[in-house]
Chemist: 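Structure incoming, see below.
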Amino acid sequence: MFAVTAMVIAGVGTAVSAYGQIQAGKAQESAMKAQAEQERLAAESRELERQQKLNEALAANAVGLGVSGIKAEGTPASIALESAENVSLSEGMMGLSDRLAQAQLRRQGKAARQASQYAAAGTLLSGASDIAQFKSGL
């Protein structure tokens with residue numbers, strides 16, 4: 001009777017351990033997804049702030065040119081166009097960097113979930129092996 005009880009306890013312990021590993025992986029994946037979402041919101045906020053600063057700078061430049069009597073033609077216009085192109089390129093790179101960071105967080109979460117599943121499978125196999133060895137020793 002003791003042997004059967006010990007095998008049942010070992011089996012239940014193994015199952016509970018495997019379940020815990022799977023749940024921990026799911027929780028870690030969920031946390032990484034939440035962190036990726038927070039990063040997305042922060043990136044949007046940074047983008048809005050950059051746009052506001054750019055608009056303020058462009059407006060100040062236009063006012064400055066108008067007050068000084070310089071027409072926005074020729075060299076001033078080409079400088080403004082080049083500046084705008086540089087800002088656009090820089091913003092594009094920042095946006096790409098933000099999206100890559102978010103994707104990396106999602107991949108880490110998925111990898112954590114998969115690792116927990118493999119660990120749980122290993123725990124189940126190890127538990128089954130222990131039970132089989134115990135049973136053969138009876």
Side-chain angles (χ1 to χ4, degrees):
M1 181 68 180
F2 173 73
V4 173
T5 303
M7 287 190 317
V8 168
I9 290 172
V12 169
T14 299
V16 168
S17 179
Y19 178 78
Q21 289 170 326
I22 288 172
Q23 293 306 310
K26 287 179 180 179
Q28 190 171 2
E29 180 183 31
S30 178
M32 292 297 218
K33 283 182 178 178
Q35 189 176 349
E37 180 62 14
Q38 289 171 353
E39 178 59 31
R40 184 187 67 77
L41 293 173
E44 286 179 5
S45 177
R46 287 189 300 269
E47 177 63 24
L48 286 174
E49 188 177 330
R50 283 192 299 265
Q51 286 293 327
Q52 287 174 341
K53 287 181 180 179
L54 175 62
N55 288 340
E56 289 170 5
L58 291 174
N61 286 342
V63 169
L65 287 174
V67 168
S68 66
I70 299 174
K71 294 184 179 183
E73 299 174 351
T75 303
S78 64
I79 291 172
L81 178 60
E82 186 175 338
S83 293
E85 288 172 352
N86 288 339
V87 167
S88 177
L89 180 60
S90 176
E91 287 177 348
M93 293 302 288
M94 285 187 256
L96 175 62
S97 178
D98 289 338
R99 287 189 303 277
L100 288 173
Q102 294 166 37
Q104 178 65 22
L105 290 170
R106 287 187 191 97
R107 281 192 300 275
Q108 286 174 344
K110 185 176 180 180
R113 180 179 46 84
Q114 289 174 338
S116 74
Q117 291 170 343
Y118 293 140
T123 298
L124 290 172
L125 291 173
S126 176
S129 172
D130 291 346
I131 291 170
Q133 286 178 354
F134 182 74
K135 199 173 185 182
S136 68
L138 291 178

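Side-chain atoms are counted along with the backbone in the values below, which use heavy atoms only and exclude waters and symmetry mates. This structure is a prediction, so every number in the text was calculated from the model and none was measured.
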Chemist: Should V8 and V16 be regarded as members of a common hydrophobic cluster, given that ILVMFWY residues are connected when their side-chain heavy atoms come within less than 4.5 Å of each other, either directly or indirectly?
Modeler: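 Yes, V8 and V16 fall within the same hydrophobic cluster.
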
Chemist: With no hydrogens and no angle check, just 3.5 Å: does a side-chain donor-acceptor pair link E56 and Q52?
Modeler: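 Side-chain D/A pair, E56 to Q52: absent.
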
Chemist: Can you give me the closest heavy-atom contact between Q102 and A43, atom names plus distance?
Modeler: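 Scanning both residues completely, I find the closest heavy atoms to be NE2-CB, 4.1 Å.
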
Chemist: Show the nearest heavy-atom pair for residues T14 and T123, with the distance to one decimal.
Modeler: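 Here T14 and T123 meet closest at CG2-O, 3.2 Å.
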
Chemist: How far apart are the closest heavy atoms of S116 and G25, and which atoms are they?
Modeler: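 Taking S116 first and G25 second, the nearest heavy atoms are OG-CA, 3.3 Å.
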
Chemist: Side-chain contact, heavy-atom cut-off 4.5 Å: R106 with K110?
Modeler: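 No, every pair of side-chain atoms sits at 4.5 Å or beyond.
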
Chemist: Do NZ/NE/NH1/NH2 and the carboxylate oxygens of K33 and E37 come within less than 4.0 Å?
Modeler: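 No, no charged N to carboxylate O under 4.0 Å.
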
Chemist: To the nearest 0.5 Å, what is the distance between CG (L105) and CZ (R40)?
Modeler: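 Atom-to-atom, L105:CG and R40:CZ are 13.0 Å apart.
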
Chemist: Working to the nearest 0.5 Å, report the span between CG of D98 and CD of E47.
Modeler: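 Result: 8.5 Å between the selected atoms.
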
Chemist: What do the steps show when you test E29 against K26 for salt bridge (Lys or Arg N to Asp or Glu O under 4.0 Å), and what is the final call?
Modeler: CA-CA 5 Å; E29 180 183 31; K26 287 179 180 179; over 6 Å; no

Chemist: Using 0.5 Å steps for rounding, measure from the CG atom of D130 to the CG atom of L125.
Modeler: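 If we round to the nearest 0.5 Å, D130:CG and L125:CG are 11.0 Å apart.
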
Chemist: Looking only at heavy atoms, which two atoms of A120 and A18 are closest? And how far apart?
Modeler: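 Looking at all heavy atoms of both residues, the shortest contact is CB-O, 3.4 Å.
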
Chemist: Between the side chains of Q104 and R107, does any donor sit under 3.5 Å from an acceptor?
Modeler: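 A donor-acceptor contact under 3.5 Å links the two side chains.
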
Chemist: Which value, rounded to the nearest 0.5 Å, describes the distance between R50 atom CZ and S45 atom OG?
Modeler: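 Reported to 0.5 Å precision, the distance equals 9.5 Å.
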
Chemist: Rounded at 0.5 Å granularity, tell me how far CD in E39 sits from CE in M32.
Modeler: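 Output value for this atom pair is 12.5 Å.
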
